[in-house]
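Counting starts at 1 for both ligands and their atoms, following the listed order. Just so it is clear, the model here is predicted, and its values are computed rather than measured.
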Amino acid sequence: MRVKSAAGNRSTGHSADALAVRVERCGPVVLPALLLCDFGHLAAEVARLEEAGAAAIHLDIMDGVFVPQLTYGQVVVEAVRRAAKVPIEVHLMVAEPDRWLADYARLGADILTVHVEALPDAAKTLDSIRHLGPRAHLAISPKTPVERAIALLDRCDGVLVMSVEPGFGGQAFDPAALAKLKSLAEARSNGHPHVRLCVDGGISTTTIGPVAAAGAEYIVAGSAVIKSPDYALAIRDLEQIAGDAARAADHSPRSLSLDG
Ligand code: DX5
Ligand code: ZN
């Protein structure tokens, strides 16, 4: 059964597929993380990000248990879903994420991202997410070996490599993420072409080139966008650097390699 989104008639997951097509054609995209935005003007912030060219929006759900900080939950996700036309990724940094999957699917998460460290049976959770409708992404924290995600590539639609300890925006990028992305890119080329490679934490104009060169396609950026006075300029600069780096590393957009 596919769950209808609270936002109306659209099925969850479909706009995530459009995003995947865009990435395959045009190269990596930046997903602004709302964590540091002005929550007093939430709908206006979402509109500002969309007008600035955000391909999708990343929402950080923290419960004060799996991570030290408490952020927001279903009420805010519902409000963002109502305000946003672009896909939304719900990044669950919570204990016992299985309890909440159906709720976030119903609220219209296009991508539902769960941490392997929080899951007693990650394969089962990923299957549940797919069954509910959203695309199922698996996140790995910095200390988690990449092999745990590689073993699950046939069960997920994406892997989110954390390049900071989950819990706070504005931390420094951990370069250990680069080797993980490269391993995932190699593993993906062995029969898992549908898996999207994602990275989250410490992204800036300095770090986005290396992550794109290592294979990252969905690149979450909090401070680098939200602390900039001009969201459009920030997103454009970041995506330009990422696109150049991906092409130089020969993660060519599929359309170019087909046409060429
Ligand atoms: C960290 C969150 C990130 C964070 C990114 O736990 O998952 O999404 O908001 O923020 P920056 O880009 O500032 O590291
Ligand atoms: Zn996040």
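Under a 3.5 Å cut-off, the side chain of S183 and the backbone N or O of A179 do form a donor-acceptor pair. No side-chain donor-acceptor contact under 3.5 Å links R130 to the backbone of R135. Side-chain atoms of S228 come within 3.5 Å of backbone atoms of D230 as a donor-acceptor pair (strictly under, hydrogens ignored). For the pair Q74 (side chain) and D103 (backbone), a donor-acceptor distance under 3.5 Å is absent.
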_With side-chain contact (heavy atoms from CB on, under 4.5 Å) as the criterion, how do V220 and C198 come out once you've worked through the C-alpha distance, each side chain's angles and the decisive distance to 0.1 Å?_
CA-CA 8 Å; V220 178; C198 319; 5.9 Å; no

_Please determine whether salt bridge (Lys or Arg N to Asp or Glu O under 4.0 Å) holds for the pair R22 and E217, giving the CA-CA distance in whole Å, both sets of side-chain angles, and the decisive distance to 0.1 Å._
CA-CA 10 Å; R22 171 177 162 172; E217 304 167 303; over 6 Å; no

*Would L59 and I88 satisfy side-chain contact (heavy atoms from CB on, under 4.5 Å), going step by step from the backbone distance to the final call?*
CA-CA 7 Å; L59 299 173; I88 59 173; 4.1 Å; yes

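Residue H58 has at least one heavy-atom neighbour below 4.0 Å for each of these atoms of ligand 1: 8 (O). Below 4.0 Å from some heavy atom of M62 lie the following atoms of ligand 1, by number and element: 6 (O). Atoms of ligand 1 lying under 4.0 Å from any heavy atom of M93, numbered from 1 in the order shown and given with element: 6 (O), 7 (O). Each of the atoms 7 (O) of ligand 1 lies under 4.0 Å from some heavy atom of H91. Within ligand 1, the atoms closer than 4.0 Å to a non-hydrogen atom of V220 are 8 (O), numbered from 1 in the order shown. Below 4.0 Å from some heavy atom of G201 lie the following atoms of ligand 1, by number and element: 14 (O).
Between the side chains of D60 and H58, at least one donor-acceptor pair of N or O atoms lies under 3.5 Å. Side-chain contact of S163 with D174: a donor-acceptor pair under 3.5 Å is absent, judged by distance alone. Of the N and O atoms on the side chains of D157 and H137, not one donor lies less than 3.5 Å from an acceptor on the other residue. In summary, the side chains of Y104 and E78 do not present any donor paired with an acceptor at a separation below 3.5 Å, with no hydrogens or angles considered. No hydrogens or angles considered: a donor-acceptor pair under 3.5 Å links the side chains of T113 and E89.
Scanning the protein for heavy atoms near atom 14 (O) of ligand 1, the closest one is G202 N, 2.9 Å. From the protein, the heavy atom lying nearest to atom 1 (C) of ligand 1 is F168 O, 3.5 Å. Protein heavy atom in closest approach to atom 2 (C) of ligand 1: D60 OD1, 3.4 Å. When hydrogens are left out, the protein atom nearest atom 13 (O) of ligand 1 is S223 OG, 2.3 Å; that is the closest non-hydrogen contact. In terms of protein heavy-atom proximity, atom 12 (O) of ligand 1 is closest to G222 N, 2.8 Å. Scanning the protein for heavy atoms near atom 5 (C) of ligand 1, the closest one is D200 OD1, 3.6 Å.
Between the Zn ion (ligand 2) and the N, O or S atoms of D60, the shortest distance is to OD1. The Zn ion (ligand 2) is closest to atom OD2 of D200 (considering only N, O or S atoms). When you scan the N, O or S atoms of H91 for the one nearest the Zn ion (ligand 2), you land on ND1.
Any N or O atom pair closer than 3.5 Å counts here, and E165 shares no such pair with ligand 1. Backbone and side-chain nitrogen or oxygen atoms of G167 are examined, and one is located within less than 3.5 angstrom of a nitrogen or oxygen of ligand 1. Checked by distance only, ligand 1 and G170 come closer than 3.5 Å through their nitrogen or oxygen atoms. Residue contacts with ligand 1: L35 is placed with no nitrogen or oxygen under 3.5 Å of a nitrogen or oxygen of the ligand (distance criterion only). Polar contact with ligand 1: absent for A224 (N/O pair, distance under 3.5 Å).
Distances from atom 10 (O) of ligand 1 to the heavy atoms of G169, P32, P166 put G169 nearest.
Counting heavy atoms closer than 4.0 Å to ligand 1, residue A33 contributes side-chain atoms (C-beta onward) but none from N, CA, C or O.
Using the six-membered ring where Trp is involved, H91 and H115 have ring planes that are parallel, under 30° apart on the 30 and 60° scheme.
Residue M162 places a heavy atom under 4.0 Å from ligand 1.
Criterion: ILVMFWY side-chain heavy atoms under 4.5 Å apart, direct or through other members. Under it, L70 and F39 are not part of a common hydrophobic cluster.
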